[in-house]
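Written below as structure tokens is the structure these notes are about.
Chain naming here is simple, since letters A, B, ... match the order of the sequence lines and numbering starts at 1 in each.
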Amino acid sequence: MTQDRRVRVRFAPSPTGALHIGGVRTALYNYLFAKKHGGDFVLRIEDTDQTRFVPGAEEYIIESLKWLGIEPNEGVGFGEGPHAPYRQSDRKPMYRQFAEQLIAAGYAYYAFDTAEDLEAMRERLKASNVDAKYDGITRSAMKNSLTLPEDEVKRKLENGDPYVIRIKLPRKEEVKFHDEIRGWIIVNTSQMDDKVLFKSDGMPTYHLANVVDDWDMKTTHVIRGEEWLPSAPLHVLLYRYLGWEDVMPKFAHLPLLLKPDGTGKLSKRDGDRLGFPVFPLDWEDPKTGEKSSGYKQAGYLPEAVVNLLAFLGWNPGTHQELFSLEELIAAFTLERVGKHGAKFDQNKAKWYNQQYVRKVDNHLLAPSLKAALALNVPEATFSDEYIEKVCGIVKEKISFVKELWDYSNYFFIEPANYDEGVIKKRYNEKVPQLLSDLIEAFSALAEFSHSNTEAAYNAVLAKNEVASKDFLQLFRVCLSGVAGGPPIFEMVEIFGKDKTIQHLNKASASIKG
RNA sequence: GGCCCGUUCGUCUAUCGGUUAGGACAAAUGGUUUUCAUCCAUUAAAGAGGGGUUCGACUCCCCUACGGGCUACCA
């Protein structure tokens, strides 16, 4: 029956801070799955815990998805659709009826225990070495509508005494469900507890809200992180007790992203500790003021981030590693998602980015270089054409967009000093003459192409009886100040005649043995 | 502690009982580039351990070890 439904998946983060790349990957897999099947990708904001709400987090999530190009076609920030609203706090009124429906059907009950009551219960059970959980056994000793006289329950409710609604789990029953990635999973209810479904503040917990919303939004596949696997049986039971088992979504629990070094899952702290971003965009915590760097600002390209994230836990089964979003959509299947956690590899990430930086059109790279130029040389005026050419020649040498300036600044500013090692090694008494001859030869060129300048250079060297290799690197240093760089005559061509001669003049005056 | 999930080169992974266990990143070496980066070539590098099942196990089952997750009126 679920087979002929239109595929609908959702990404359902909580706005409790910046969206971490593990979450981004979950969003990506959902996106790929939806697109692959011509379905819908929904963004739902799960903000049932008002105490953990962080201002700006929701906007951050939306901006991140936009930057990466994995945009939901329905949901908060993306044009609300037929199932609006998509923010759980805005959906608040619809949850209570289902909690009450469960009570009426005998699948849930009111519980009036205070925090102290619960604490005492846990202490007691721990002391006797028993699992401290609110379950089929312990609930008989607690204050709830199963143990209290009916009239007292009624009175408490009418009094407005605080209460929660808990699911009433059967004592011993196997809950079996199929995970698209892990196969059949069986958990006995004797290992589970009577989870709170509805909180005393009038909000549902994740479990209830999640199930109600997925049902209401006609979700066909729940693709989420492995941390949800333990509560999946509870969700299965909720679908059953609510009478929605025939439209229950399929589950797929994704392996987690792990720390590159030690152990444990990748957390927000790891990024800046290890020197790589764990967030798509820069983020500053509004409460603590703590800053974390993002992929975008670190010089990553969104296509690279998508590609490398896709491969952390999934592979196409071929040797192809570079995939555009469209190719990922075509190739993606849940069957090829791995079962075990993946450590984030900074080197591989760098390599991916390098591949994409080289492929980017120069005019798309230019704005970044322009920004760096404006920052370093505010008074500079260079044409877009010139900046794009510079991007074209240096993009082969960098891994990150932000390295553009470091590798190309000499295209915009005269060398302030010259590589001493090269001068020491290559400077001799013939250099002044060479430079003056070169300036003269270059000045005479009508067309300042790399082939013409190279020919002129070779003629000058021959005339002075100097082997090319004995001077070429010093020539480079005269022009740029640094020992390394792109092919020299291509660099000269981009410089153009005026700048080349200007730099040679300056070098001629500044460089001495 | 309990429950659940997992375990192939340093890392990401291929392998769906029979392979010289393949690829990529990182590493090393050589070459190209008079430089750096690139690029090319080569090398080194793996089935956690123990039991089964089978003619034959990386692949299936069990145990152990290890790793991860969960164990809140958080998601």
Which is true for [X] with a 4.0 Å heavy-atom rule: it touches a base, it touches only sugar-phosphate, or it touches nothing?
X        : value
A:Ala483 : base
A:Lys133 : nothing
A:Arg336 : sugar-phosphate
A:Val196 : sugar-phosphate
A:Ser200 : base
A:Gly313 : sugar-phosphate
A:Ser468 : base
A:Tyr206 : base
A:Arg224 : nothing
A:Arg182 : sugar-phosphate
A:Asp117 : nothing

Would you mind telling me which of [options] lies closest to the side-chain atoms of [X]?
X        : options                : value
A:Leu312 : B:rG2, B:rC12, B:rC74  : B:rC12
A:Asn315 : B:rA14, B:rC12, B:rA24 : B:rA14
A:Arg166 : B:rU11, B:rC74, B:rC73 : B:rC73
A:Trp351 : B:rG68, B:rC25, B:rA37 : B:rC25

Check: [X] side chain, [N] base, donor-acceptor under 3.5 Å:
X        : N      : value
A:Ser231 : B:rC70 : no
A:Asp131 : B:rG1  : yes
A:Lys339 : B:rC5  : no
A:Lys348 : B:rA26 : no

Worksheet item: When the nearest nucleotide of RNA chain B is assigned to A:Phe471 and to A:Thr51 on a heavy-atom basis, which residue is associated with the more 5' position?
Response: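 Upstream on the strand: A:Phe471.
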Please determine if a side-chain N or O atom of [X] lies less than 4.0 Å away from the OP1 or OP2 oxygen of [N].
X        : N      : result
A:Lys199 : B:rA72 : no
A:Thr205 : B:rA75 : no
A:Asn347 : B:rU11 : no

Just by distance, with hydrogens left out, do [X] and [Y] show a side-chain donor and acceptor under 3.5 Å apart?
X        : Y        : value
A:Asn144 : A:Tyr110 : no
A:Asp213 : A:Tyr95  : yes
A:Arg182 : A:His253 : no

Worksheet item: Is there a Watson-Crick or G-U wobble partner for B:rA27 with both distances under 3.5 Å, and which nucleotide is it?
Response: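 For B:rA27, the partner nucleotide comes out as B:rU43, under the 3.5 Å rule.
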Worksheet item: Please give, in whole Å, the distance from B:rU15 C1' to A:His340 NE2?
Response: 13 Å
Item to complete: Tell me whether the guanidinium CZ or amine NZ of A:Arg166 lies under 6.0 angstrom from the six-membered ring centre of A:Tyr134 and within 45° of its axis.
Response: yes
